[in-house]
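Here the structure comes first, spelled out in structure tokens, and everything after it is commentary.
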2 protein chains.
Amino acid sequence: MTLFEIRKMSARLPTPAPRTGRSESPCAACNVRHLTLCAALDDQEVADMSAIVSSVELGPGEPLFDEAEPAKNVFNVTAGAVKIYKLLPDGRRQMTGFLFPGDFLGLANEETYAYSAEAVTFTTLCRFPRKRLEALLEQYPRMERRLLGMASHELAVAQEQMLLLGRKTAREKVASFLLLLSRRAVQRGQKDSPISVPMSRNDIGDYLGLTTETVSRTFTLLKQAGAIVLQGSGKVELSDRAALEVMSDGV
Amino acid sequence: MTLFEIRKMSARLPTPAPRTGRSESPCAACNVRHLTLCAALDDQEVADMSAIVSSVELGPGEPLFDEAEPAKNVFNVTAGAVKIYKLLPDGRRQMTGFLFPGDFLGLANEETYAYSAEAVTFTTLCRFPRKRLEALLEQYPRMERRLLGMASHELAVAQEQMLLLGRKTAREKVASFLLLLSRRAVQRGQKDSPISVPMSRNDIGDYLGLTTETVSRTFTLLKQAGAIVLQGSGKVELSDRAALEVMSDGV
DNA sequence: CTTACCCATTGATATAGGTCAAAGAGCCTT
DNA sequence: AAGGCTCTTTGACCTATATCAATGGGTAAG
């Protein structure tokens, strides 16, 4: 058995601690509460959610679903990291997001997914059959309101990303990206530095509208400017956050 | 009185025809049905919507609201065109969308608007006080579902735009933009060509992540390639749609 | 009718970031 | 421990698009 396979197996083992919230009932299938969505729900609602959920584990690089495939499930990341992206016919790729524990994906208005999704690291997710989730939403308008709030928030995030893609320089893009990862880590209860950067330079480039080489050069530049320290194995220390903040907006 | 003022006055006069749908009840204040949102509503629901709505008219370039201002209202465009955008501290601008009759704007999860909004042409909108609209949503979950659908759709559109901004060439961007305008015109019951392009080259550039000059050069290029004909006064004929389709994706 | 302004277009030049190429640096596997 | 991946870094060069500058054209004001 290869190390890859062992790691993949072991991804099943650790059980993330239940989050605090209005209710402590964990999901029956994956033994975690459904984070974002459940934060506002009561025991009965969480129980109903748990009844329709199942668990999914993925190794690095494994696909979850492809763009244009029928959108049969909605997912909630519980551990690891997921990348979502769109492709052009000739293979050019645009990451539209990196998702971490608590994030939802697969919500679609149309009958098919609008993007492809793939694991970045060893990842676990909860899977909700879309039809059954929708039935539940009919029953609990409060959940639906929560989903609307999440969608509105993601829309604001998407617009911020458009500003980055359309109008920021490479340095501004990379500085913004590192600050974003740091803020998200804090949201998940981790430290704001050093941060974990589990995705490749190529993935980062496809997220920021840059090439691998430009991302690499820009990291070197930020390192030389004393704004960051590369600690190896995907850890980056934000040693001068103020400088990064200034750089992320264009001085 | 200047011509500008006369035009602005006259923007109040024309009353758009009621749309077909489940109910024909027009809004009491603006005498149109609330398009996207109302398409699935019954008479009682439309009446309740009409009770909280008021009408707004704007001339070209007039602001509707600014980013970071308290999000007190939600709007529905009933005539004209609106641009929404975000700014960097040094003035660089990214349009995040052009909105046409039927489009909603101002929905926000946070307490403030995520972007600024400004009229492109003489424009009329319906204004819904956010608090009162939210109260209505509690009462009518079906409306909320409709809003969730709209938000999900906009999210998919935003992701498509990220692909454009991050990975397409100038030619692909402009071709995609013209096809987008054409498709949206059809949705509003207009012809797919010639299309009305009411915004300036500069606005288009800020939407596509390009400069005025590059947009202008690219229009010339498409014209020379026989893909479009510039008819003056903001009308563009898509004379070779197939060529545009091919160009919009990178051959 | 004339002037003034704004916007679009075109040209010349500069540059940020892309492309191509090669050399490390970690790893997993054997 | 050695070989072979894959990913990152660095260098040299190139090109798409930005920038700077000038001209033209349409429309509104006087």
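Everything numeric here is computed off the predicted structure, so don't read it as measured data. Computation of the quantities below employed the complete heavy-atom set of this structure, encompassing side-chain atoms and omitting hydrogens, waters and symmetry-equivalent molecules. Naming convention: chains lettered A, B, ... in sequence-line order (proteins, then strands); numbering from 1 in each chain.
Counting to the nearest Å, the P atom of D/dT19 and the CZ atom of B/R92 are 9 Å from each other. Atoms CZ (B/F219) and P (C/dT9) sit 8 Å apart, rounded to a whole Å. The distance from atom CD1 of B/I204 to atom P of C/dC7 is 13 Å, rounded to the nearest whole Å. If you measure from atom CG of A/D203 to atom P of D/dT6, you get 15 Å, rounded to the nearest angstrom. Separating the CD atom of B/Q231 from the P atom of D/dG26 is a distance of 15 Å, rounded to the nearest angstrom. Nucleotide C/dG17 holds its P atom 13 Å from the CG atom of A/L165, rounded to whole Å. When rounded to the nearest whole Å, the span between CD of B/E213 and P of C/dC7 equals 13 Å. Distance A/K235 NZ to C/dG26 P: 17 Å, rounded to the nearest Å.
For the pair A/A170 and A/S233, both in contact range of DNA chain C, the more 5′-proximal nearest nucleotide belongs to A/A170. Comparing B/S200 and A/G209 by the nucleotide of DNA chain C whose heavy atom lies nearest to each, the residue mapping closer to the 5' end is B/S200. Between A/M199 and A/R167, the residue anchored nearer the 5' end of DNA chain D, judged by the nucleotide with its closest heavy atom, is A/M199.
Contact check, A/T211 against C/dG17: no side-chain N or O comes under 4.0 Å of OP1 or OP2. An OP1 or OP2 oxygen of D/dT10 is reached within less than 4.0 angstrom by a side-chain nitrogen or oxygen of A/T220. In this structure, A/S216 does not reach the D/dT8 phosphate: none of its side-chain N or O atoms is under 4.0 Å from OP1 or OP2.
Residue contacts shown for B/L230 are limited to sugar-phosphate atoms, with no base heavy atom under 4.0 Å away.
You'll find a donor-acceptor pair under 3.5 Å spanning the side chain of A/R217 and the base of D/dG11, going by distance alone.
In the helix from C/dC1-D/dG30 to C/dT30-D/dA1, the rotation axis of the first five pairs and that of the last five pairs differ in direction by 40°, rounded to 10 degrees.
In this structure, B/R184 forms no cation-pi arrangement with B/F100, as its terminal cationic atom is not both closer than 6.0 Å to the ring centre and no more than 45° off the ring axis.
A salt bridge links B/R93 and B/D203; the closest N-O separation between the charged side-chain nitrogens and carboxylate oxygens is under 4.0 Å. Between A/D206 and A/K83 no salt bridge is recorded (no basic side-chain N to carboxylate O distance below 4.0 Å). The residues B/R92 and A/E172 are annotated as salt-bridged, a charged nitrogen and a carboxylate oxygen being separated by less than 4.0 angstrom.
You'll find that the side chain of A/R201 is closest to D/dT8, out of D/dT8, D/dT17, C/dT10.
One side chain, B/E118 or B/Y85, offers a donor N or O that lies under 3.5 Å from an acceptor on the other. Defined by atom type and a distance below 3.5 Å, a donor-acceptor pair is present between the side-chain atoms of A/R127 and A/S54.
With sequence neighbours left out, A/S200 forms a side-chain hydrogen bond (donor to acceptor under 3.5 Å, both in side chains) with no residue at all.
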